[in-house]
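We count residues from 1, following the sequence as given. Please read all numbers here as calculations on a predicted model, not as lab measurements.
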Amino acid sequence: MKCPKCGSIIDPGKKFCIHCGCAVDDEYLHGIPVQSGRKSRQKGTHIALGALIVVALAIASACMVGVNDEGKTLLSHVFSGGSDAVRIVRYGGSDDLCVNPDTKIVVCGSNGEPIDDGAVQLIPRGGAAVGDRDGAVLSLKQGGSFSFDSFSDIALGDYCMRVFEGSQRKEAYEYAHIVIDVKDEAGEPDSIRFKPADGIEGLKQVRHYGVEETKQTVNVSYTKGSETHGYSNQWAYVQITEDNDDISSWAINQRLKERFDAAGENARNWTETSGDPLETGYAQSAVMLDQLRELASIKCSFTYGDESGDESSAMTGSFFDIQTGDPVSPESYFGITQENRNAKAQSAIKRYAESNGIDIDAVDIQSVVCDDASYLVEADDLYVILNPSMSGEATAQLLPLGVSKIGDQGKK
């Protein structure tokens with residue numbers, strides 16, 4: 001049968017035309033044309049409007065509605081361009097946001113509009129490696145649109161995303177829990193638009209830390225028996241740096257330099273009657289700088305000489321708050337207790353001893369696991385240091401404790 005208004009074919013049982021909205025009463029459905037007149041037109045108008053309302057409600061129900069921290073209701077999804085969906089996400093969110101590498105991302109600035117001139121920085125959630133202190137950075141042009149696969153050599157994983165407006169990178173918007181992964185896109189939005197939270201500027205002060213190594217020749221002469229001996233080696237220490245700012249006077253840099261100077265002084269004052277081994281080499285290196293929590297893990301490597309001229313090595317670790325220079329307990333970075341740390345370290349050392357067929361005294365193991373200097377912090381795990389005097393190897397062994405990702409109890 002045909003629509004009495006537009007002539008389109010109407011399927012049996014339908015109450016109105018899906019093309020023009022014209023009402024079709026029971027008489028017409030049974031093959032009797034509807035009489036034209038005011039009553040019929042009013043009925044058709046009411047049903048057509050009802051159909052439009054149903055469609056509008058269906059669209060509205062497809063939008064996800066959320067409430068922000070201020071109690072304001074926000075639409076999390078809006079639709080445009082047919083079936084294409086754009087999700088609105090506010091900076092500063094604490095939930096994991098899982099995205100595909102090719103998901104279209106649009107970042108907006110303080111005016112709520114896409115950023116035409118700025119940059120996006122990705123920092124691994126565990127901190128930034130020393131060799132990549134700025135993390136991956138992508139310049140933004142032409143409307144602030146990009147996808148994460150636009151970054152060169154970006155790996156799947158967990159990241160903090162920083163968004164900068166303009167060329168000055170002193171302030172940024174952050175979303176701290178971006179999870180880049182390949183996932184099923186069924187039902188997912190085609191693009192995500194990041195905006196500042198309503199009524200809140202949301203900009204955070206950011207610092208870009210790096211590390212600089214300084215080498216210095218250390219000359220040592222000493223008397224052994226009736227003979228005078230000496231050596232000359234290059235020792236090294238590190239200093240934390242920051243873009244465009246001189247932080248050489250910061251406590252952490254003073255502390256690192258003082259340790260270097262003290263080691264050199266001990267070597268120059270060494271005597272064969274002191275009972276201590278002669279320190280012939282010393283080097284500091286930064287294992288990890290956490291750009292988000294502003295923490296630094298420093299490794300110190302030592303070389304010792306003995307009467308036969310042979311050398312041995314050892315290693316210690318330390319963990320600092322970059323801004324204050326204060327030591328930080330290594331286990332706190334992973335949100336575990338010291339008791340838990342010690343138990344894991346003890347198990348790791350025992351496994352190492354069993355697998356290598358060596359016997360390590362329980363008292364020696366306890367002295368290692370209870371010493372903060374026996375640990376190194378890296379972004380992915382906490383390691384206990386087993387030095388050659390106990391490991392039976394020529395170099396120190398780093399044994400992972402398997403604490404994995406950073407907990408929420410570390411420094412914010």
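A cation-pi contact, defined as under 6.0 Å to the ring centre and within 45° of the axis, is absent between K104 and F146. Note that R293 lies in the cation-pi zone of Y333, set by a 6.0 Å cut-off to the ring centre and a 45° limit from the axis.
Side-chain atoms of S332 do not come within 3.5 Å of backbone N or O of G335 as any donor-acceptor pair. No donor-acceptor pair closer than 3.5 Å links the side chain of N100 to the backbone N or O of T103. A donor-acceptor pair under 3.5 Å links the side-chain atoms of Y91 to the main chain of C108, judged by distance alone. At least one donor-acceptor pair closer than 3.5 Å links the side chain of N266 to the backbone N or O of A262. Without hydrogens or angle criteria, R162 side chain to Q121 main chain gives no donor-acceptor distance under 3.5 Å. Q254 contributes a side-chain N or O that, together with a main-chain N or O of S249, makes up a donor-acceptor pair within less than 3.5 Å. T280 contributes a side-chain N or O that, together with a main-chain N or O of T303, makes up a donor-acceptor pair within less than 3.5 Å.
A distance of 6.5 Å separates OH in Y375 from CG in L401, rounded to the nearest 0.5 Å. To the nearest 0.5 Å, the span separating CD1 on I115 from CG on L140 amounts to 6.5 Å. Rounding to the nearest 0.5 Å gives a distance of 8.5 Å between NZ of K299 and CD1 of I385. The CD1 atom of I88 sits 6.0 Å away from atom CZ of R193, with the distance rounded to the nearest 0.5 Å. Interatomic distance, Q234 CD to K215 NZ, rounded to the nearest 0.5 Å: 5.5 Å. Rounded to the nearest 0.5 angstrom, E294 CD and E242 CD are separated by 8.5 Å.
Annotation: side chain of V368 is in contact with side chain of M390 (closest heavy-atom distance under 4.5 Å). With contacts defined as side-chain heavy-atom distances shorter than 4.5 Å, the pair S301/Y282 does not qualify. A heavy-atom distance below 4.5 Å is found between the side chains of Y209 and I322. The side-chain heavy atoms of S110 and E165, taken from C-beta on, include a pair separated by under 4.5 Å. Two residues are said to be in side-chain contact when any heavy atoms from C-beta on lie closer than 4.5 Å; F164 and V120 fail this criterion. In this structure, Y159 and V179 have side chains that are not in contact, with every pair of non-hydrogen atoms separated by 4.5 Å or more. For the pair E213 and Y237, the minimum side-chain heavy-atom distance is 4.5 Å or more. Side chains of F148 and I178 form a contact here, defined as non-hydrogen atoms less than 4.5 Å apart.
Using modelled atom types, one finds a donor on one side chain and an acceptor on the other under 3.5 Å when comparing S248 with D246.
Nearest approach of P101 to S147, heavy atoms of both residues: O-CB, 3.6 Å. The two residues Q397 and S391 come nearest to each other via the heavy atoms CG-CB, 3.9 Å. The heavy-atom pair separating I247 from T241 by the smallest distance is CD1-C, 3.7 Å. Smallest separation of non-hydrogen atoms from F320 and L256: CE1-CD2, 4.0 Å. Residues I349 and L399 approach most closely at CA-CD1, 3.9 Å, considering heavy atoms. When all heavy atoms are compared, the tightest approach of H208 to R169 is NE2-O, 3.0 Å.
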Assess the residue pair D243 and K170 against the criterion (salt bridge (Lys or Arg N to Asp or Glu O under 4.0 Å)); give the C-alpha distance rounded to whole Å, side-chain angles, the decisive distance to 0.1 Å, and a yes or no. CA-CA 10 Å; D243 289 350; K170 294 295 185 182; over 6 Å; no
Side chain to side chain contact (heavy atoms under 4.5 Å, CB included) for E171 and Q205? Distances and angles first, verdict last. CA-CA 5 Å; E171 295 180 321; Q205 294 290 322; 2.9 Å; yes
Worked check of side chain to side chain contact (heavy atoms under 4.5 Å, CB included) between Y304 and L278: CA-CA 5 Å; Y304 300 99; L278 172 63; over 6 Å; no
I'd like to know whether S329 forms a side chain to side chain contact (heavy atoms under 4.5 Å, CB included) with Q338, so could you lay out the CA-CA distance, the side-chain angles of the two residues, the decisive distance to 0.1 Å, and finally the verdict. CA-CA 8 Å; S329 58; Q338 189 176 84; 5.6 Å; no
Let me see the working for M315 and F302 under side chain to side chain contact (heavy atoms under 4.5 Å, CB included), right down to the final yes or no. CA-CA 6 Å; M315 183 186 298; F302 306 87; 5.9 Å; no
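For Y173 and Y175, the ring centers sit 6.0 Å or farther from each other.
Here D96 pairs with R125 under the salt bridge (charged side-chain N to carboxylate O under 4.0 Å, His left out) rule; sequence neighbours left out. Evaluation of the ring-ring contact (aromatic ring centres under 6.0 Å, His included) rule for Y352 yields no partner, not counting sequence neighbours. Looking at residues two or more places apart in sequence or on another chain, you find a salt bridge (charged side-chain N to carboxylate O under 4.0 Å, His left out) between R341 and E331, D372. Residues passing the ring-ring contact (aromatic ring centres under 6.0 Å, His included) test with F151, sequence neighbours excluded: none. Considering only residues two or more places apart in sequence or on other chains, S232 meets the side chain to side chain contact (heavy atoms under 4.5 Å, CB included) condition with T217, N219.
Ring geometry for W235 versus F260: interplanar angle over 60°, hence perpendicular rather than tilted (30 to 60°).
Ionic pairing of K344 and D381 is not present here: no N-O contact between side-chain nitrogen and carboxylate oxygen is shorter than 4.0 angstrom. Salt bridge annotation for E265-R268: present, with a cationic side-chain nitrogen under 4.0 angstrom from a carboxylate oxygen.
Around atom CG of D361, more than 12 heavy atoms belonging to other residues, nucleotides or ligands sit under 6.0 Å away. For K350, the NZ atom is loosely surrounded, since the number of other residues' heavy atoms within 6.0 Å does not exceed 12.
Applying the salt bridge (charged side-chain N to carboxylate O under 4.0 Å, His left out) definition to pairs two or more places apart or across chains, none involves residues 383-398.
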